[in-house]
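Inspection log for the structure reproduced underneath, given as C-alpha cells.
Chain identifiers are assigned alphabetically (A, B, ...) following the order of the sequence lines, protein sequences preceding nucleic acid strands; residue numbering begins at 1 within each chain. Every heavy atom of this structure was used, including side-chain atoms; hydrogens, water molecules and symmetry mates were not. None of these values were measured; they are calculated from a predicted model.
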Amino acid sequence: MSGANGSTEPALPAAPGTGRAPRAERRGPGRLRGWGGVAGMALALAVAAGALFPLARHGDAADAATIAGPGVARAVQAKADDCKDPEASLSPSSADGPNIDAIKRRGKLIAGVDQNSFRWGYRNPATRTLEGFDIDLVKAIAKNILGDENAVIYRAIPTSQRIPALQNGTVDVVVRTMTVNCARIKQASFSTAYFEAGQQVLAPKTSAITGFDDSLKGKRVCVAAGSTAFDALKADAHGADYQDFTVPNQLDCLVRLQQNLVDAVVTDNALAAGQAAQDPAVQLKGSPFTTEYYGVAVKLGNTDLVQRINQVLVDYRSGGANSPWMTAYRKWLAADLPGISSPPGPKYRTG
Amino acid sequence: MANPPNVREPETRESAARSAPQPQPQPRPGTRRAWAETRERLRAAATTEPGRLWIMGAVVAVLVVAFGGITAWEVSDRSAAASDVVSRSQPLSADAASIYRSLADADTAAASGFLAGGQEPVDVRKRYDTDISTASRLLVKAAANTSGSAESAQQIATLNEQLPLYNGLVEQARANNRQGFPVGGAYLRFANQKMSTSLLPAAQKLYEAETGRLYDDYDQADTWPYAAIALGLVALGGLVAVQRRNYLRTNRVFNHGLLAATAASTVVLLWLVVGHAVASSDLSTSRAHGQESLKVLNDARISSLQARANENLTLVARGAVLTQDGKDLYEAEFTKEMASLTDKLGAAKDLADDSAGQEPVVKAVGDMNEWKKRHTAARKTDDSGDYDGALTQVLGAKGSTGECFDQVDKELDSAIAHEQAQFTTAASDGHGALTGLPLGAALLAVLAAAGAGVGISRRLAEYR
C-alpha cells in the first residue's frame, strides 16, 4: 500500500510534502502550499522515501522517511508532532503479566469497537453479529490470550470515548480504526501498526473530481466535525465549500452524497472504502494525501498487554499471501481498497 | 327612516305630486297621505294629550322591538361563536394535535422497525404507514379549513413539502438496512433530524395557531351582550315611566297591554342574562377542564413519543453522534424528553378535575417511572457490551421499556379521550344554553310591542 502511494504521488506536486510529513499526527498539510522550496525538497525526499517505504517500516531505514517530516510537522502543528515515529511500539513477547492475568481470570477480553464502520466494525443486521477487519483482529487477540476467539465482550464506543474508556478500565483494548499519533501515545499505549491509512477524496464515479486538488474548486465537500479531514480542508480547501457541510459522523457524508447535497467527501481512505462498499456508484479519487497508522490501544503503561498484542500481530502478518492479515484484507477490504500486497511492517522502539 | 325631508316640507311636495300628471306609481299618493297623517299627529302631539299618548306608545314600541332585535342579533353572534368552538375550531385544534402526534409516532415507529433488523415486524410497519397517511389526510383537511390564517397556511405548506422527503429518507434507511449497510442507520438519523428540526416544529406551530383561533372563538362567545342589556333596561324604564304617568293621570293602576309588554320584555332580559351566564360558565368549564387538559396531555404525549424515538436511536447510532460535552446525543435527548414528560404529567394530574380523568394520568406516571427504571437497566446492559440483551430490554414484548412506553401511550390516549368528551359535553351545553334565545327574543319583543300598542290605543280610544 505504501509503495503504491509513493509511486502515484508525483502526479500531485504538492501532495508528497504533505503525504509523508504528517504521518505522525492528523493535521492538515495544506499550509505548506506556499512553501515552494520546502515542498520541492519534500517531493524529492518523499519519492525516495516512498520507494524505500515497504522496507522502511522495519527500523533503521525509517529515518529516511522522517526527514521530510519535522519541518512540515512543525509548520502545521508543533505540539502534537514533537515525537518521532509514534507508531513504533514495544518488542513482541508471549509472556504473561498482571494485565493478561486479569483478562484470563475474567475469561473474557473486553474490546472497545465501532459498530458503524462498514467492513471494519459493524453489526450485520441479518446475522446480528459484529463483523469486519477490526473484529477479526480482536478475535485473533482473544484466541491468543484465552484460546477462544469468541471469548470477547464487545463494547461499542464513540470516537471521543476511546481513551477515557481505556483510562477508566471499561475496556481492555480498543480496536477501532484508531490512529496512532504523538498526542495519543501520551494518553494510551499502542501496539505496532496493523494498517496504514490516509485521507482521501470520495466522489461519484462519474464526477470530474480527481482527488484532493484544484478539481475540488467550487464543489460542496462533506467532512466530519473534528476530523483530520476537517483540519486538512481548513488548512487548504482547494476552493471547496466545506463549512456548510460538516456533519457529526463520517457516515452521514455518504447520506448527503447520495442525496446530492454534496459533491464529494473527504475522510480516511479506510472508512471511505467502507462507504464505497455500500454504494457501487461512488469511488475513491486520487491518492491518500496523509499517512496514518492504525494501532491497537490499551491503557497507558499496560506493557505486558502491548507486547503480547505485538506478538499476536507478528503471527497475524506472517504467512505471505496467506497470512491471517491478507486473508482478512481480501475478505473485507480488497474490493474497495485494492492494491495492498502486504501489511505495514512493524516498527519497534526500546523502553 | 329615510323621510325626514317629507316631515319638514311636506306641503310643497304634496301639492307638487298632486298637480303633476301622475309620474309616480299608484300607491305613492296613498303613502304620501299616510305620512301626511303622521305629520299631523306629530304636530298635534306637541299640544294635545292624545298626541302625547300616541308618541309615547310609538317610542315604547320602537324601544321594545329594537331591544328584541339587538338581543336576537347579539345572541346569534355569540351562539355562532360557541358553535364554532364546538364544531369547527376545537376539532381543527384537535386535528393539528393529531398531525403532531402522528408525525412523532411515525418517527418512533421508523426507529423501532429499524432496530428490529432487516425484516421489520408487520405491526410496526403498519403503524408507520397509518401515521403517515393520517398526517397526510389531516393536512389536506386542515388546508381546506384554514382560510384567512396565514400562519396555519404557511405551516401546512412546510409540512406538505417536508413529509414526502422525510418518508423518502425513511425508505432509504429501510432499503440500506435490508442490505446490511450501516449507512441505513445514518439515513434514519438524517430522517429523525428532519423530523425534529423541521416537521415537528411546523406541526407545533400549526397546533398553536389552531388553538389560538379556538381561544379567539372562546373570547367572542364569552363577550357580554352589553348593547342588548342596556337597551332592555331602557325599554323597561320607558314602559314603567309610561305606566306611572298613566297611573298619575288616570288613577288606574293597571293597563293590561302595557303590563303584558313589561312582562314580555322582562322575560327577554332575564332569559338573555341567565342564558348568557350559563353559556359562559359552560364554555369556561370546557376551556378550563377540557381544552387546557387536552393541551397538556397532547404535549405529554409528544414528549413520550420523542423520548421513545430517542431511546431507539441511541441503539441505532451507538455513539455515532455526540453532544458538545461528549455525551451520547440521543441519550441526552431522551433524558430531556422524559423530564418534560414528568412535568406535563404532573400538570395534567393537577388539571384533571375528576377521578375518571385522574386515573389514567396517575397510571401513566407509574408506568413512566417503571420506564425510566428499565431504561437505566437497558443502558447498563448495553454499556456492559451486551447489545442484543439491551435490544431485548428495549424492544422485547415483555418487561421492556417498549412495554412501558406502550402503556403510557395508551393511558394518555384514554385521558385525552376523557378530556375530549368533557370538553364536548361542556361546550355543547354552553352552546345549547343560547338555543332558542334569538327567536324567542324576537317573538317576545313583537308581542311586547303589540301589548304596548294595545295598551296605548285603549287610552287613546277614551278621547274619541
Side-chain angles (χ1 to χ4, degrees), chain A residues 108-132 152-165 170-172 176 222 224-226 247-259 261 271 274-280 282, chain B residues 113-120 165-166 168-170 172-194 314-332 379-392 395:
Chain A
K108 295 266 187 188
L109 174 72
I110 305 178
V113 296
D114 194 354
Q115 206 171 251
N116 289 315
S117 296
F118 198 46
R119 303 285 196 234
W120 287 91
Y122 82 106
R123 188 169 174 274
N124 186 331
T127 59
R128 289 190 155 205
T129 51
L130 284 162
E131 327 179 324
V152 186
I153 295 174
Y154 292 101
R155 285 190 182 158
I157 47 173
T159 308
S160 66
Q161 294 303 303
R162 292 183 296 197
I163 287 174
T170 316
V171 296
D172 297 319
R176 196 189 174 286
C222 183
V247 295
N249 186 279
Q250 47 92 17
L251 203 51
D252 296 330
C253 282
L254 182 57
V255 170
R256 280 149 184 84
L257 193 65
Q258 290 182 346
Q259 297 280 311
L261 298 172
L271 298 172
Q275 296 190 9
Q278 300 177 63
D279 184 351
V282 302
Chain B
F114 189 90
L115 277 180
Q119 181 64 54
E120 59 189 319
L165 297 180
Y166 170 82
L169 292 173
V170 169
Q172 285 261 42
R174 268 189 190 128
N176 277 294
N177 199 34
R178 284 210 154 198
Q179 294 180 78
F181 295 155
V183 75
Y187 265 105
L188 193 69
R189 287 188 286 106
F190 194 45
N192 168 264
Q193 191 192 337
K194 193 172 261 312
T314 307
L315 290 172
V316 173
R318 312 287 341 259
V321 187
L322 301 175
T323 58
Q324 294 283 348
D325 51 349
K327 302 260 168 54
D328 186 280
L329 176 73
Y330 299 105
E331 176 65 9
R379 287 313 313 149
K380 216 173 151 190
T381 307
D382 189 25
D383 289 343
S384 75
D386 182 4
Y387 181 75
D388 281 326
L391 215 51
T392 312
L395 293 178

What part of B/F190 gets within 4.5 angstrom of chain A, counting heavy atoms only: side chain, backbone, both, or neither? side chain
So which part of B/A317 gets closer than 4.5 Å to some heavy atom of chain A, the side chain, the backbone, both or neither? backbone
Under a 4.5 Å heavy-atom cut-off, does chain A meet the side chain of B/L115, its backbone, both or neither? backbone
Nearest-0.5 Å distance that lies between atom CG in B/N176 and atom CG in A/L254: 7.5 Å
Ranking A/L251, A/V171, A/V247 by heavy-atom pairs under 4.5 Å to chain B gives rank one to A/L251
With respect to chain A, which residue among B/G168, B/G184, B/G180 yields the maximal number of heavy-atom pairs within a distance under 4.5 Å? B/G180
Against chain B, label A/F118 side chain, backbone, both or neither, depending on which of its atoms sit under 4.5 Å from a heavy atom there. both
May I ask you to decide if B/P182's main-chain N or O and A/N116's side chain share a donor-acceptor pair within less than 3.5 Å? no
Heavy-atom proximity to chain B below 4.5 Å, by part of A/I153: side chain
What part of A/A277 gets within 4.5 angstrom of chain B, counting heavy atoms only: side chain, backbone, both, or neither? backbone
Drop me the distance from B/F181's CZ to A/R119's CZ, to the nearest 0.5 angstrom. 7.0 Å
Could you tell me whether the side chain of B/D388 reaches within less than 4.5 Å of the side chain of A/R123, counting heavy atoms only? yes
Sort A/Q258 into side chain, backbone, both or neither according to what part of it lies under 4.5 angstrom from a heavy atom of chain B. both
Most chain B-contacting option - heavy-atom pairs closer than 4.5 Å, from A/R155, A/Q278, A/R256: A/Q278
Which atoms of B/Q172 approach chain A - backbone, side chain, both or neither, heavy atom under 4.5 Å: side chain
Note: A/V255 and B/V183 closest approach over all heavy atoms is CG2-CG2, 3.9 Å
